[in-house]
Amino acid sequence: MVKVPRQFSAFFLSEKAVMATERYNPRASEPKWQKAWADAKLFQTRNDDPRQKYYVLEMFPYPSGRIHMGHVRNYTMGDVVARFRRAKGDNVLHPMGWDAFGLPAENAARDNRVNPREWTYANITAMKGQLKTMGLSLDWDREIATCDPSYYKHQQKMFLDFWRAGLVERKSAKVNWDPVDMTVLANEQVIDGRGWRSGAVVEQRDLTQWFFKITSMAEELLDGLDTLDRWPDKVKLMQANWIGRSEGLLIRWPLAEGTAPAGETELEVYTTRPDTIFGASFMAIAADHPLARKAAEKNPALQKFIEEVRQTGTSVAALETAEKKGFDTGIRVVHPFDPSWFLPVYVANFVLMDYGTGAIFGCPSGDQRDLDFANKYGLPVIPVVMPEDADAENFRITEEAYVDDGVMIHSRFLDGMKPKQAFEEVATRLSGISIGNRPMAERKVQFRLRDWLISRQRYWGCPIPVIHCENCGAVPVPDADLPVRLPGDVTFDKPGNPLDHHPTWKHVSCPQCGKAAVRDTDTMDTFVDSSWYFARFTDPWNEEAPTTLSVVDGKGGWLPVNQYIGGIEHAILHLLYSRFFVRAMKRTGHLNAVEEPFEGLFTQGMVVHETYKGPQGWVTPAEVKVEDIDGERRATLIATGETIAIGPIEKMSKSRKNVVDPDDIIASYGADTARWFMLSDSPPERDVIWTAAGVEGAFRFVQRVWRLVSETAPALQSVAPAFATDGDAAVLSKAVHKTLKAVGEDIERLSFNKAVARIYELTNFLSAPLGAIESAAADCLPALREGVEILVTMMAPMMPHLAEECWSAIGGKGLVAERPWPAFNPQLVVDDEVVLPVQINGKKRGDLTIRRDADQLAVEQAALALDFVQKALGGKPPRKVIVVPQRIVNVVG
RNA sequence: GCGGGUGUGGCGGAACUGGUAGACGCGCUGGACUCAAAAUCCAGUUCUGGUGACAGAGUGUCGGUUCGAUUCCGACCACCCGCACCA
């Protein structure tokens, strides 16, 4: 970018300055500045501050006990944004809390006989201490823990409000039940059909559970995605696919008389391809379909088949390998367009009860799965769509279904139409026919999204505030009795839910009729806790309500979060649930106006590291010495000198032992080095490879900045900062202001790696080595002072402690953390002269230096006058000369 | 299977809307300082040929559009991620 003019640094390396230099010591410096910020209460945010609001939030951590490098990366990025916005003059909200309910606390309780609450709070204390060493600009006054009754009280209130608003439902659902641990398992906790802790074979059980009716908002959750301009497209797409909207037709097929169980007259089927209705050759229904159950009552063989299907797990692996099987029920349906056309009804193992109507019609020619099924059971295959250029007479489907667009054949009145037209035609015709007192078909929009099951048979979660009474059914706990507190005196010596076998806790009287009743002993899914914490941060002091409407959102309110930062692993569930929650909270009066919780979303990449494997298994990076011998990297075990294999680069994990402890890094290099390294090199959305060499490099830079500042400090202390517009000093000022502009833009775009590169460049520029002309330097002092000040201010969001130390060294007043972001001078970021590359036939052959405002003709003439252009043209006139102002010249010969 | 992304030196990565490919960092090579080492500083570092100025090639592969393509279009290859019997 800029050639280094040696003269500016002429006086830097005066011998005295070199002698005076001491290495920067983060261990002494960092706690000092952390205390200074805390004493000045710089990061405490007031809700009544009239300045522009900016809410930056990182996904809050689970209090596992120790922070890991992923946290360091996440919170560093958020902190850069927070400190930058603060310097830009905004009133910044940057809070921190704890996602504190969850299974690990219970596991610890079972394994180590500790109390989950004590375990959790001890972890919070430890992690908070670690986070504090990072120098994050957090408002700790707003700290919340979701396991605190002052938090979950409001969650219980909202559960009841949602219930009253019709957003909560209690219904039966199939769940994975671990018969040993006596709890429901999430799908991810079932491994090869067995419970992940107990190893017991997991059963499918029907349990009555609580659900949030997220499907009732499917349409708006989908539509809302379009308004999220500052979300990654990838995440929006994943959510859209998850919600899975499809438009189709609900068709009611009449059951053939004499074949159906008593009282059954029709079969409802959902399809997105009604155009293929003349290619239908069978119907397939789920094993749990009511018609299947009825048919099985008088058919033991069918009964047996249904049981078999039920026992095949729903795990991904089971589905992949499971053979497509069916069982003919003997029931027949009549084709809607042909009373003489009968189709068999099968129970099939591949039909899902909870999508559509749990029944399909099979069109073998247009669907591979249906084709396989038809071939297996000898059912007809009628091609109904063929490629435009095919011949209808000879078009056959045998082993491979035709799924692409085309033209309709063998479909009576649909022949010759495109499938799209045919869809419309079938929809229109069938809507006009009635069956019973309803139309034979209705247009229907179907979603893949399911309701959100929130009941968990576990202790360490938010109790569901419901009392079950024999007389009154499920009764809400009265608001005045909230919170329903978790009892502290629980034991984990028996399997199952401790709340369930607590001697007294669940026994209460019914709030309605006063009779003896029992509490719901289930607790809420921990995703509920994290679906509204961002709203609670806006006023965690409010004891009366979850939110304070005057500050939470709307005019002058905090929400939506302006910038949310976290891992891609939450792309669907957490973010979708939060989007559901703001809508539900708005409907129940806990929010005013906000449409979406997170205006800007950034998904950061993981921290990855090499793995090392010795004869005894995986070993940690700390135990290994890696050397570069003749370009070949070799690892040895420090303790024994054994050779260690260097394995693939993977996400830091305990199982691979490729973890680096942030504590160790901060202790030996300081938080600034860790922060700087996290921001360097890798773009923030991609994975960053943690390497010892990289950290060393970052640490060297810390020392280099410190040397630059401390060596120049004596000369700068009494100088007033000023930029220069001409002379040698202008070169300096231009470099500084160009960098200032670029770094601001880069941070705003969250391109931290680019901002880092610019700061490196400027630091190199300012600390260029001893040149020749000492006298020139004195004139440059004001510009240099300004340059150093700007450098320090620019790096402050990333390396806040070092910035303070530097600021103090040059005699700056106050704290850098309080300084505004300087404005660049527009005059200084453009040059009077530009260097244009000159191409001949598209290949660069030289440069042309010319005034910036030179017009096209002048540029062309100057270019043609250049020696190497003349030579290349060999006296002939050019065929064409392309001049792109301030960009390039291309001479075509 | 469906959907999406990525591919640039030894490595991480830059290159704004088509305009100097390789900024910046790591590593490496040579040098200075030192009795020596560390630290620091300087120079070099895409590849090939040449002492050299220089010439040629080059952004996964093949082709196209253009004065000019890492960038746009088409086909393909590799890897990664998400969803997955969704009717």
Side-chain angles (χ1 to χ4, degrees), chain A residues 1 13 18 21 23 232-235 237-242 244 246 248 269-273 276 284 286 314 316 318-320 322 324 348-352 354-363 366-370 372-373 403 446-449 568-569 571-572 628 630-631 633 676-677 680-683 685-689 691-698 700-701 703-704 707 742 745 749 751 753-764 767-770 835-847 878-884 886-893:
Chain A
M1 147 205 171
L13 300 184
V18 173
T21 303
R23 278 166 77 85
D233 288 339
K234 182 191 166 105
V235 174
L237 191 72
M238 280 164 72
Q239 291 215 354
N241 289 341
W242 188 262
S246 71
V269 160
Y270 175 75
T271 177
T272 55
R273 295 294 304 274
T276 64
T314 49
V316 177
L319 290 177
E320 245 167 41
K324 310 283 172 271
N349 64 349
F350 59 83
V351 180
L352 306 171
D354 48 5
Y355 184 79
T357 62
I360 62 164
F361 78 77
C363 172
D367 182 289
Q368 192 59 46
R369 188 195 53 205
D370 292 349
D372 295 344
F373 191 84
V403 295
Q446 181 72 40
F447 295 94
R448 210 191 67 107
L449 184 70
I568 186 75
E569 67 274 18
I572 298 175
D628 206 308
D630 299 331
R633 300 183 66 248
W676 186 252
F677 177 69
S680 313
D681 294 355
S682 289
E685 69 278 8
R686 284 203 221 169
D687 291 350
V688 62
I689 305 171
T691 61
V695 183
E696 294 280 351
R700 269 204 299 277
F701 181 68
Q703 296 299 346
R704 195 136 58 90
R707 248 188 339 268
E745 289 167 357
R749 279 189 229 122
S751 300
N753 57 322
K754 291 183 220 165
V756 163
R758 307 277 188 190
I759 291 176
Y760 266 113
E761 250 173 354
L762 184 65
T763 307
N764 290 346
S767 51
L770 185 65
V835 179
L836 296 180
V838 179
Q839 297 182 328
I840 290 164
N841 296 325
K843 276 200 180 296
K844 190 200 167 189
R845 290 298 135 126
D847 292 321
R879 277 203 295 154
K880 203 170 174 185
V881 179
I882 287 145
V883 177
V884 182
Q886 288 150 52
R887 283 278 187 201
I888 203 165
V889 181
N890 190 9
V891 180
V892 185

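Proteins get letters first, then strands, A, B, ... in listed order; numbering begins at 1 in each. Quick caveat, the model's predicted, so the values are computed rather than measured.
Inspection of the A:Tyr270 and A:Ser246 side chains reveals an N or O donor paired with an N or O acceptor under 3.5 Å.
Remark: P of B:rG25 and CD1 of A:Ile689 are 18 Å apart, rounded to the nearest angstrom. One can place CH2 of A:Trp676 at 14 Å from P of B:rC24, the figure rounded to the nearest angstrom. Taking atom CZ of A:Arg758 as the reference point, atom C1' of B:rA14 lies 9 Å away to the nearest angstrom. Atom CG of A:Asp687 is separated from atom P of B:rG12 by 12 Å (rounded to the nearest Å). Regarding A:Ile888, its CD1 atom lies at a distance of 16 Å from the C1' atom of B:rU17, rounded to whole Å.
Remark: B:rC47 base-pairs with B:rG56. Criterion, Watson-Crick or G-U wobble with two distances under 3.5 Å. Base-pair partner of B:rA23: not found among the strands shown (Watson-Crick or G-U wobble, both distances under 3.5 Å). B:rG1 is paired with B:rC83 under the Watson-Crick or G-U wobble criterion, all donor-acceptor distances under 3.5 Å. With both pairing distances under 3.5 Å, B:rG7 is matched to B:rC77 as a Watson-Crick or G-U wobble pair. The partner of B:rC35 is absent, by the rule that a Watson-Crick or G-U pair needs both atom distances under 3.5 Å. The partner of B:rC72 is B:rG64, by the rule that a Watson-Crick or G-U pair needs both atom distances under 3.5 Å.
The phosphate of B:rA87 (OP1 or OP2) has no side-chain N or O of A:Arg448 nearer than 4.0 angstrom. One finds no side-chain N or O of A:Arg845 lying less than 4.0 angstrom from the OP1 or OP2 phosphate oxygen of B:rU20. Side-chain nitrogen and oxygen atoms of A:Asn764 include at least one within less than 4.0 Å of the OP1 or OP2 phosphate oxygen of B:rG25. Between B:rA14 and A:Asn753, a contact under 4.0 Å exists linking OP1 or OP2 to a side-chain N or O. Taking 4.0 angstrom as the limit, A:Tyr760 places none of its side-chain polar atoms (N or O) nearer than this to OP1 or OP2 of B:rG25. In this model, the phosphate group of B:rU40 is not approached by any side-chain N or O of A:Arg23 to a distance below 4.0 Å at OP1 or OP2. For A:Lys843, a side-chain nitrogen or oxygen approaches OP1 or OP2 of B:rA57 to under 4.0 Å. For B:rG13, neither phosphate oxygen OP1 nor OP2 lies less than 4.0 angstrom from any side-chain nitrogen or oxygen of A:Lys754. Residue A:Arg369 places no side-chain N or O under 4.0 Å from the OP1 or OP2 atom of B:rA87. Contact annotation: A:Arg700 side-chain N/O to B:rC26 OP1/OP2 distance is under 4.0 Å.
Rounded to the nearest Å, the gap between the P atom of B:rG52 and that of B:rU17 is 39 Å. Only the P atoms considered, B:rU66 is 28 Å distant from B:rA55, to the nearest whole Å. Nucleotides B:rG22 and B:rG10 place their P atoms 16 Å apart, quoted to the nearest Å. Taking atom C1' in both B:rG13 and B:rG82, one finds a spacing of 26 Å when rounded to whole Å.
Rounding to the nearest 0.5 angstrom, the gap separating the CZ atom in A:Phe350 from the CG atom in A:Asp372 is 9.5 Å. Atom CD1 of A:Ile840 is separated from atom CG of A:Asn890 by 9.0 Å, given to the nearest 0.5 angstrom. Expressed to the nearest 0.5 Å, how far CZ of A:Arg448 lies from CG of A:Asp354 amounts to 11.0 Å. With rounding to the nearest 0.5 Å, the separation of CG in A:Asn764 from CZ in A:Arg704 is 4.5 Å. Distance check, rounded to the nearest 0.5 Å: NZ of A:Lys324 to CG of A:Asp370 gives 11.0 Å.
The 5' end of RNA chain B is approached more closely, in terms of each residue's nearest nucleotide, by A:Leu836 than by the other of A:Arg704 and A:Leu836. When the nearest nucleotides of RNA chain B are assigned to A:Val892 and A:Asp847 by heavy-atom distance, the more 5′-ward of the two goes with A:Asp847.
Of all heavy-atom pairs spanning A:Ile568 and A:Val235, the tightest one is CD1-CG2, 3.8 Å.
Each of B:rG25, B:rA87, B:rU20 was ranked by its minimum atom distance to the side chain of A:Lys844; first place goes to B:rU20. You'll find that the side chain of A:Asn890 is closest to B:rC67, out of B:rC67, B:rA87, B:rA14. The nucleotide whose nearest atom lies closest to any side-chain atom of A:Thr272 is, among B:rU20, B:rA87, B:rG25, B:rA87. For A:Arg707, whose side chain is taken as the heavy atoms from C-beta onward, the closest listed nucleotide among B:rA87, B:rG12, B:rC41 is B:rC41. Comparing atom distances between the A:Ala693 side chain and each of B:rG12, B:rC26, B:rG19 picks out B:rC26 as nearest. Nearest nucleotide to the side chain of A:Trp242, out of B:rC85, B:rA84, B:rG13: B:rA84. Listed nucleotides: B:rC85, B:rC83, B:rA87. Nearest to the side chain of A:Ile572: B:rC83. Taking every side-chain heavy atom of A:Tyr355 into account, B:rA87 is the closest of B:rG12, B:rG82, B:rA87.
Under the rule for a side-chain hydrogen bond (donor to acceptor under 3.5 Å, both in side chains), A:Gln703 has no partner lying at least two apart in sequence or in another chain.
Side-chain to base pairing of A:Lys234 with B:rC81: no donor and acceptor N or O lie closer than 3.5 Å to each other.
Classified by its glycosidic torsion, B:rG56 falls in the anti category, the angle being over 90° from 0.
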